[in-house]
**Q** 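My questions will all concern the structure given below.
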Amino acid sequence: MSRPIVIENASLFGDTVASLLIEDGVITAVSTGTLEAPADAVRIDATGLVALPGLVDLHTHLREPGREDAETIETGSRSAARGGFTAVHAMANTTPVADTAGVVEQVWSRGREVGLVDVYPVGAVTVGLGGTQLAEMGAMANSKARVRVFSDDGKCVHDPVIMRRALEYAKTFDGVISQHAQDPRLTEGAQMHEGVVSAELGLAGWPAVAEESIIARDVLLAGHVGARLNVCHLSTAGSVEIVRWAKARGIDVTAEAMPHHLLLTDESVRGYDPLFKVNPPLRTQADVDAVRAGLADGTIDIVATDHAPHPDEDKDCEWAAAAMGMIGLETAVGIVQKTMVDTGLMTWRDVAYRMSALPARIGRVEHEHGGALTEGEPAHITLIDPADPWVVEPTASASRSNNSPFGGIELPGRVVATLLRGVPTHLDPRFEGAFA
Amino acid sequence: MRHLLSTQDLSREDAILILDTSAQMAATQEREVRKLPTLRGKTVVNLFFEDSTRTRISFEAAAKRLSADVINFSAKGSSVSKGESLKDTALTLQAMGADAVVVRHWASGAADRLATSGWMHGSVLNAGDGTHQHPTQGLLDAFTMRRHLVADPAGADLAGLTVAIVGDVLHSRVARSNVYLLHTLGARVVLVAPPTLVPIGIEPWPCEVVHTLDQAIESYDIDALMMLRVQRERMGGGGAAYFPSTEEYSRLYGLDGDRMRRLPDHAIIMHPGPMNRGLEISAEAADSPRSVIVEQVANGVAVRMAALYLLLAGEEGDQ
């Protein structure tokens with residue numbers, strides 16, 4: 001077995017200084033005083049560092065199988081570990097689509113083989129993401145991959161009858177439908193948020209109402225059939241209002257906010273740099289403010305990344321020809337700190353709740369992730385140095401792709417260590433000596 | 001001036017300099033020998049990703065009359081089949097030693113990308129990018145207005161003039177180019193379009209918007225009336241149509257003889273071409289003495305000569 005690890009004087013959840021002992025992948029002691037540790041233990045001085053339970057991303061694109069030129073399960077897992085994640089939900093829009101037990105088991109096994117994060121495959125809602133015929137959700141749920149999150153992400157389950165059936169059917173195995181809310185007719189050819197900037201730049205608009213109208217329909221459907229709905233990458237002020245209304249009515253809906261929607265606006269599109277092209281698009285400052293407020297008051301449940309790798313050639317072109325999406329696993333914590341923690345909207349305890357406990361619960365992996373930092377829990381631990389500013393350098397990412405829009409932006413803090421079942425999956429150079 | 005990408009980048013002084021230079025260029029075109037030696041040894045590439053014979057030959061004539069070497073590069077590429085990438089095309093042109101690239105592209109922002117991505121070093125002259133900008137069209141329109149409507153044009157702006165632009169503003173790079181340039185030059189701009197063809201987010205534009213042509217004619221003393229080309233496929237028929245039918249468009253927004261006669265006597269009629277006769281403009285209006293549509297084409301060559309001259313001949317001085 002590996003050597004025991006002592007994490008000394010960490011600030012647990014940013015509010016309680018304590019030391020942790022990790023043995024055989026499990027937290028075996030927590031102490032605010034002196035901790036009795038075995039003599040051969042690796043000692044990590046965590047003074048000034050925030051310790052959180054390993055982060056869980058409900059929305060990651062790992063691209064394998066099919067687009068290994070953009071990302072593989074291995075490179076994506078490494079990027080996730082660097083970003084402080086111990087679990088990711090891998091979206092279904094691969095080639096072939098993850099719409100059968102065979103594909104989700106392949107992704108799940110490959111994730112285990114790589115072993116840097118726990119990879120939980122998301123199953124497609126409809127065959128081939130085609131939106132017309134339900135995929136065999138039961139087979140995926142009962143497979144080794146134990147799928148609980150179903151999504152056609154990248155495409156909207158637009159047909160209201162298909163959406164209703166999916167919501168109903170997923171109840172059988174306590175699944176959740178994670179909806180990419182985008183009315184396809186209202187967004188034909190859409191290139192960016194429809195508003196002042198799109199009018200000036202002459203780019204076809206992606207109106208907020210195309211997202212909001214689908215969310216409104218879906219919360220009503222979820223309420224009607226008594227099913228769980230998760231709203232992917234919520235991006236507009238109106239969507240926040242609709243989800244708030246739905247929750248007040250007791251509808252079982254959860255929602256994701258993405259780091260880029262917490263930080264960037266459509267003003268970034270002015271240079272026509274496709275690194276800023278994403279779906280749903282960057283919105284206005286008023287939307288950013290509303291999404292931050294919604295995340296702070298719990299209307300939005302979690303932060304997820306929508307990490308979407310694309311090779312250089314899909315971004316090094318004219319705007320309209322470029323792919324949508326941006327990588328985000330390694331910048332998520334820094335952006336959340338910058339936009340939510342340092343602004344006083346959230347505590348680190350809130351961050352743990354919204355980036356670990358709740359996403360684990362929504363994905364029904366709470367028995368494996370998102371637990372407390374207490375004795376007997378699996379040692380999934382993320383250490384963050386909240387006072388170590390760094391400037392994002394996209395090519396330095398562990399992802400196979402470089403399509404980060406945050407290049408050159410300074411973030412206030414960084415993930416300095418990630419432990420999965422007590423095994424370091426990411427270590428800042430400052431700790432490498434301790435493990436030597 | 002290193003590139004000409006958008007009329008939004010032009011100050012009043014820049015714009016007047018281009019118009020004054022255009023007037024000088026136009027004067028040389030009255031001479032028996034119209035060719036000037038100014039850009040001898042310079043290479044101008046016409047890079048067209050979108051078919052436009054009119055604009056291409058206008059730029060070609062402009063460059064040739066300044067004695068530049070002209071290379072026409074017609075790159076087939078649509079939003080469906082990308083073909084050779086913009087980047088590779090730019091690298092090719094860089095290798096050929098293009099001093100200026102005149103680019104027409106279906107994608108908004110393509111000229112900006114060429115100018116700012118570091119793929120090539122030459123000057124970029126935007127000859128129309130998607131539904132964004134077409135700055136030399138705006139400049140030739142302003143030049144034409146100044147000639148006809150300003151008593152002492154040299155060095156003057158367009159203060160006091162009212163210009164109405166009618167039609168598909170949403171998809172029009174001509175409208176966007178004109179709105180900003182005419183405002184910079186002091187003119188009042190009125191856009192006339194059905195709400196379906198006005199972009200959401202137009203509020204900050206320095207112009208007013210009305211929704212029928214009759215209202216515009218009644219409410220404003222129009223000095224210049226510019227009719228935009230209407231794409232037939234956007235009118236009627238399809239499920240995403242912006243208008244019920246071409247007939248209804250014509251009734252509400254078309255310029256016919258009756259509407260023309262209700263304009264002030266001095267008002268000129270403009271169209272960027274090519275015209276859909278009988279749709280946005282009747283033959284009577286297009287062929288009337290008030291129409292300056294053919295002259296716009298001639299002025300286009302002079303304005304493009306001025307733009308190429310200022311981008312390329314001024315180069316050494318800028319450094």
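The analysis underlying the following values was restricted to heavy atoms, covering all of them including side chains, and did not include hydrogens, waters or symmetry mates. In what follows, every chain begins at residue 1, and chains take the letters A, B, ... in the order their sequences are listed.
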**Q** Minimum heavy-atom separation for D141(B) and M270(B), please, with both atom names.
**A**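 For D141(B) versus M270(B), the nearest heavy atoms are O-CE, 3.6 Å.
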**Q** Just so I understand: if I count every heavy-atom pair under 4.5 Å between each of G189(A), G205(A), P274(A), P207(A) and chain B, which residue has the most?
**A**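 Of the options given, most contacts go to P274(A).
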**Q** If you tally heavy-atom pairs under 4.5 Å against chain A, which of S6(B), A107(B), G201(B) wins?
**A**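 Counting heavy-atom pairs under 4.5 Å, the top option is G201(B).
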**Q** Heavy-atom count check: over 12 atoms from other residues, nucleotides or ligands less than 6.0 Å from L91(B) CG?
**A**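 Atom CG in L91(B) is crowded, with more than 12 foreign heavy atoms closer than 6.0 Å.
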**Q** Under 4.5 Å heavy-atom distance to chain A, tell me which part of H171(B) shows up: side chain, backbone, both or neither.
**A**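 Nothing of H171(B), per the 4.5 Å heavy-atom cut-off to chain A.
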**Q** With salt bridge (Lys or Arg N to Asp or Glu O under 4.0 Å) as the test, would you mind laying out the steps for D153(A) and K155(A) before giving the verdict?
**A** CA-CA 5 Å; D153(A) 180 56; K155(A) 291 188 174 171; over 6 Å; no
**Q** Let me know if Q8(B) has heavy atoms under 4.5 Å from chain A in its side chain, its backbone, both or neither.
**A**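 Interface part for Q8(B): side chain.
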**Q** If you count heavy-atom pairs under 4.5 Å with chain A, which of K87(B), H105(B), H132(B) comes out on top?
**A**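 Highest number of heavy-atom pairs under 4.5 Å: H132(B).
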**Q** Please look at L86(B) and chain A and tell me whether the side chain, the backbone, both or neither of the residue comes under 4.5 angstrom of a heavy atom of that chain.
**A**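 Interface part for L86(B): both.
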**Q** Under 6.0 Å from the six-membered ring centre of W205(B) and within 45° of its axis: does the NZ or CZ of R176(B) meet both?
**A**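 No, a cation-pi geometry is absent between R176(B) and W205(B).
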**Q** Kindly say whether T126(A) contributes a backbone atom to a donor-acceptor pair with the side chain of D152(A) at under 3.5 angstrom?
**A**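 Pair found, side chain donor or acceptor close to backbone of T126(A).
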**Q** Is E200(A) close to chain B through its backbone or its side chain, or both, or neither, when contacts mean heavy atoms under 4.5 Å?
**A**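 Answer is both: backbone and side chain atoms of E200(A) are under 4.5 Å from chain B.
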**Q** Do E50(B) and R173(B) meet the salt-bridge criterion of a basic N to acidic O distance under 4.0 Å?
**A**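 Salt bridge between R173(B) and E50(B), a charged N being under 4.0 Å from a carboxylate O: yes.
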